[in-house]
Asks: 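The structure follows.
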Amino acid sequence: QVQLVESGGGLVRPGQSLRLSCVVSEDFGFDRPLAWYRQSPGNQRELVAYITSGGTSNVEHPVKGRFTIARNNSKKILYLQMNHLKPEDSGLYFCNLMYCITTWGQGTQVTVST
């Protein structure tokens with residue numbers, strides 16, 4: 001069964017925006033800290049932002065002031081609003097738990113280029 005399904009990626013110009021979504025299955029669970037990660041070719045997968053079950057959020061320094069993480073506990077969807085995108089933001093974006101990760105979804109590709 002598919003537990004994590006990311007969507008919303010695409011090809012955009014620098015300065016534009018994208019809104020990523022992650023549908024979390026009932027089997028996977030939602031009442032837990034969740035996070036967005038990204039990975040570009042040749043680099044390790046890195047944490048982008050996280051949000052607790054209570055809604056407290058944090059974004060990592062490279063995207064601070066530009067990205068916002070949010071969650072809809074009713075729809076069981078995790079979001080990542082990405083504004084003022086830069087080429088260095090390009091990569092494959094994944095949603096997942098903050099802790100004890102055992103599986104990954106397919107991710108959604110974000111490409112920021114002229």
Side-chain angles (χ1 to χ4, degrees):
Q1 67 281 72
V2 179
Q3 296 181 298
L4 301 166
V5 181
E6 301 93 342
S7 64
L11 173 63
V12 296
R13 304 280 89 80
Q16 293 188 318
S17 300
L18 283 173
R19 180 178 169 88
L20 307 184
S21 298
C22 169
V23 178
V24 181
S25 72
E26 291 291 338
D27 289 342
F28 191 85
F30 199 80
D31 189 22
R32 60 186 70 182
L34 301 173
W36 282 98
Y37 305 83
R38 68 184 181 186
Q39 185 173 26
S40 58
N43 297 320
Q44 289 188 304
R45 191 167 298 174
E46 65 177 359
L47 175 69
V48 176
Y50 67 83
I51 185 168
T52 69
S53 60
T56 300
S57 65
N58 180 76
V59 296
E60 296 303 299
H61 186 263
V63 302
K64 191 176 293 292
R66 300 186 296 117
F67 291 12
T68 302
I69 188 171
R71 61 194 294 161
N72 187 314
N73 292 337
S74 296
K75 296 182 177 181
K76 304 297 178 66
I77 302 177
L78 180 70
Y79 300 100
L80 184 66
Q81 178 65 47
M82 308 187 297
N83 299 323
H84 308 289
L85 283 162
K86 304 176 180 180
E88 52 262 44
D89 293 320
S90 297
L92 193 60
Y93 283 69
F94 303 87
C95 61
N96 218 313
L97 301 168
M98 266 292 290
Y99 314 104
C100 302
I101 295 173
T102 59
T103 186
W104 295 90
Q106 65 179 2
T108 184
Q109 181 66 42
V110 172
T111 303
V112 186
S113 176
T114 58

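No experiment lies behind these values; they were computed from the predicted model shown.
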Asks: Could you pull out the closest heavy-atom pair between Val110 and Gly9, with the gap in Å?
Replies: CG2-CA, 4.2 Å
Asks: Return each pair, listed once, that meets disulfide (SG to SG under 2.5 Å) where at least one residue sits in residues 70-114; pairs must be two or more places apart or across chains.
Replies: Cys22-Cys95
Asks: Indicate the atoms forming the closest heavy-atom contact of Ser53 with Asp31, along with that distance.
Replies: CB-OD1, 3.2 Å
Asks: Ignoring hydrogens and angles, tell me if any N or O in the side chain of Arg71 forms a donor-acceptor pair with the backbone of Phe30 under 3.5 Å.
Replies: yes
Asks: Checking Phe94 now: which residues fulfil ring-ring contact (aromatic ring centres under 6.0 Å, His included) with it, not counting sequence neighbours?
Replies: Trp104
Asks: How far does CG of Leu34 sit from CD1 of Ile77, to the nearest 0.5 angstrom?
Replies: 12.5 Å
Asks: Go through the structure and list residues passing side-chain contact (heavy atoms from CB on, under 4.5 Å) with Val12, not counting sequence neighbours.
Replies: Gln16, Leu18, Leu85, Val112
Asks: Got a sec, which residues hit side-chain contact (heavy atoms from CB on, under 4.5 Å) with Ser25, two or more places apart in sequence or on another chain?
Replies: Gln3, Asp27, Phe28
Asks: Do Val48 and Val23 share a hydrophobic cluster, counting only Ile, Leu, Val, Met, Phe, Trp and Tyr and linking them when any side-chain heavy atoms are less than 4.5 Å apart?
Replies: no
Asks: Would you say the side chain of Pro87 lies within less than 4.5 Å of the side chain of Pro14, judging by non-hydrogen atoms?
Replies: yes
Asks: Between Glu6 and Leu20, is there a side-chain heavy-atom distance shorter than 4.5 Å?
Replies: no
Asks: Which pair of heavy atoms, one from Ile69 and one from Ser57, lies closest together, and at what distance?
Replies: CG2-CB, 3.4 Å
Asks: Per the side chain to side chain donor-acceptor pair (under 3.5 Å) rule, what does the pair list look like for residues 76-85, sequence neighbours excluded?
Replies: Ser17-Asn83, Glu26-Lys76, Gln81-Asn83
Asks: Do the side chain of Arg38 and the main chain of Arg45 share a donor and acceptor less than 3.5 angstrom apart?
Replies: no
Asks: As an exercise, state the distance from CG of Leu4 to CG of Leu78, rounded to the nearest 0.5 Å.
Replies: 9.5 Å
Asks: Looking at CZ of Arg13 and OG1 of Thr111, how far apart are the two atoms once the value is rounded to the nearest 0.5 Å?
Replies: 10.0 Å
Asks: If you compare all heavy atoms of Leu97 against all heavy atoms of Ile101, which two are closest, and at what distance to 0.1 Å?
Replies: O-CD1, 3.4 Å
Asks: Apply side-chain contact (heavy atoms from CB on, under 4.5 Å) to Leu47 and list each qualifying residue two or more places apart in sequence or on a separate chain.
Replies: Ala35, Tyr37, Tyr50, Glu60, Met98
Asks: Return the CZ to CE distance between Arg19 and Met82, rounded to the nearest 0.5 Å.
Replies: 11.0 Å
